[in-house]
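To keep things clear, I will list the structure first and then write my remarks on it.
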Amino acid sequence: RAGGAGAFEHHGAMPAAGYGGVTLFWLREHGALPGGACCSIPDAIGAMLCHAAPKIHATHAAGWGVFDLERDEWNKAMLTQLPQIVSAGTPIGNLSSANAHALGLSEGFPVTVAIGDHQASLVGSGCTRAGMAHVNIGTGGQVSLISDRFTPMNAQAGIETRPFIR
């Protein structure tokens with residue numbers, strides 16, 4: 001009902017249970033999707049810190065299963081209550097006076113959009129140029145190869161495509 005496997009060829013990964021977009025799609029199909037915008041936890045925290053509308057970076061949006069990596073936009077045919085996609089470093093707003101006081105920070109401190117944790121680890125380790133590889137092993141593990149172009153996923157081989165920070 002969501003368009004079949006072909007509808008996801010530009011999404012980087014096949015959606016599965018646990019993806020935010022899958023949950024929201026199910027809620028919508030069952031008449032239980034609440035009103036208002038939906039966002040990830042880091043984006044909700046950023047929005048609450050500065051009393052602003054949530055914004056999301058592609059590195060978080062891709063994990064929802066309804067983000068078109070090739071077009072760098074949400075797949076609006078599946079869901080419409082999604083936050084604005086913005087570039088890394090984009091300000092969400094400034095820290096509100098009440099939150100600044102509670103946190104012991106200066107009022108007006110800039111709050112920027114969050115980026116994906118794995119992509120942040122790539123930047124932190126210096127893996128930022130096309131052709132560079134990174135292996136991350138912990139509770140889980142990822143092998144990443146930075147590319148300067150979109151490469152479709154290969155779900156049968158377990159290979160996903162994720163956005164990086166531009």
Could you go through the side-chain contact (heavy atoms from CB on, under 4.5 Å) check for Ile137 and Val135 one step at a time? CA-CA 6 Å; Ile137 300 173; Val135 178; 3.8 Å; yes

Atom CZ of Phe25 and atom NE2 of His30: how far apart are they, to the nearest 0.5 Å? 10.0 Å

Could you tell me the separation between the CG atom of Asp68 and the NZ atom of Lys76, rounded to the nearest 0.5 Å? 12.5 Å

The reported gap from OG in Ser97 to CG in Leu105 (rounded to nearest 0.5 angstrom) is 12.5 Å

Short question: side chain of Gln81, backbone of Pro34 - any donor-acceptor pair under 3.5 Å? yes

Locate the shortest heavy-atom distance separating Leu49 from Leu95; write the atom from each residue and the value. O-CD1, 3.5 Å

If every non-hydrogen atom of Gly108 is compared with every non-hydrogen atom of Asn94, which pair is closest and at what distance? O-OD1, 3.2 Å

Using the rule that Ile, Leu, Val, Met, Phe, Trp and Tyr join whenever any side-chain heavy atoms are under 4.5 Å apart, tell me whether Val66 and Tyr19 fall into a single cluster. no

Grouping I, L, V, M, F, W and Y whenever their side-chain heavy atoms are under 4.5 Å apart, do Val111 and Leu103 come out in a common cluster? yes

Determine, stepwise, if the pair Val123 / Phe164 fulfils side-chain contact (heavy atoms from CB on, under 4.5 Å). CA-CA 9 Å; Val123 171; Phe164 193 56; 4.0 Å; yes

According to a hydrophobic-cluster definition based on side-chain heavy atoms being under 4.5 Å apart (Ile, Leu, Val, Met, Phe, Trp, Tyr only), do Trp74 and Trp26 belong together? yes

Report the distance from atom CD1 of Ile165 to atom OG of Ser87, rounding to the nearest 0.5 Å. 11.0 Å

Any side-chain heavy atom of Ser40 within less than 4.5 Å of one from Ile56? yes

Ser144 versus His118, side-chain donor and acceptor atoms under 3.5 Å: yes

Under 3.5 Å: donor-acceptor pair, side chain of Glu70, backbone of Phe150: no

Single-linkage hydrophobic cluster Ile115~Ile146, side-chain heavy atoms < 4.5 angstrom: yes

Quick check: does any side chain N or O of Thr90 sit under 3.5 Å from a backbone N or O of Val86, one acting as donor and the other as acceptor? no

Write down the atom of Pro42, the atom of Ala114, and the distance for their closest heavy-atom approach. CB-CB, 3.7 Å

Using the rule that two of Ile, Leu, Val, Met, Phe, Trp, Tyr join whenever any of their side-chain heavy atoms come within less than 4.5 Å, decide whether Leu69 and Ile85 are in one cluster. yes

So, Asp72 side chain and Pro163 main chain: donor-acceptor pair closer than 3.5 Å or not? no

Can you tell me how far apart CG (Leu145) and OG1 (Thr161) are? Round to the nearest 0.5 Å. 10.5 Å

Compare every heavy atom of Cys50 with every heavy atom of Ile92, then report the nearest pair and how far apart it is. CG2-SG, 3.6 Å

Indicate yes or no for a side-chain donor-acceptor contact from His57 to the backbone of Thr59 under 3.5 Å, with no hydrogens or angles considered. yes

Under a 3.5 Å threshold, yes or no: a donor from one side chain and an acceptor from the other, between His51 and Ser96? yes

Separation of His134 NE2 from Met132 CE (nearest 0.5 Å): 9.5 Å

Determine the minimum heavy-atom distance between Pro54 and Pro83, stating which atoms define it. O-CB, 3.6 Å

Considering all heavy atoms of both residues, which atom of Trp64 and which atom of Leu24 are nearest to each other, and what is their separation? CZ3-CD1, 3.2 Å

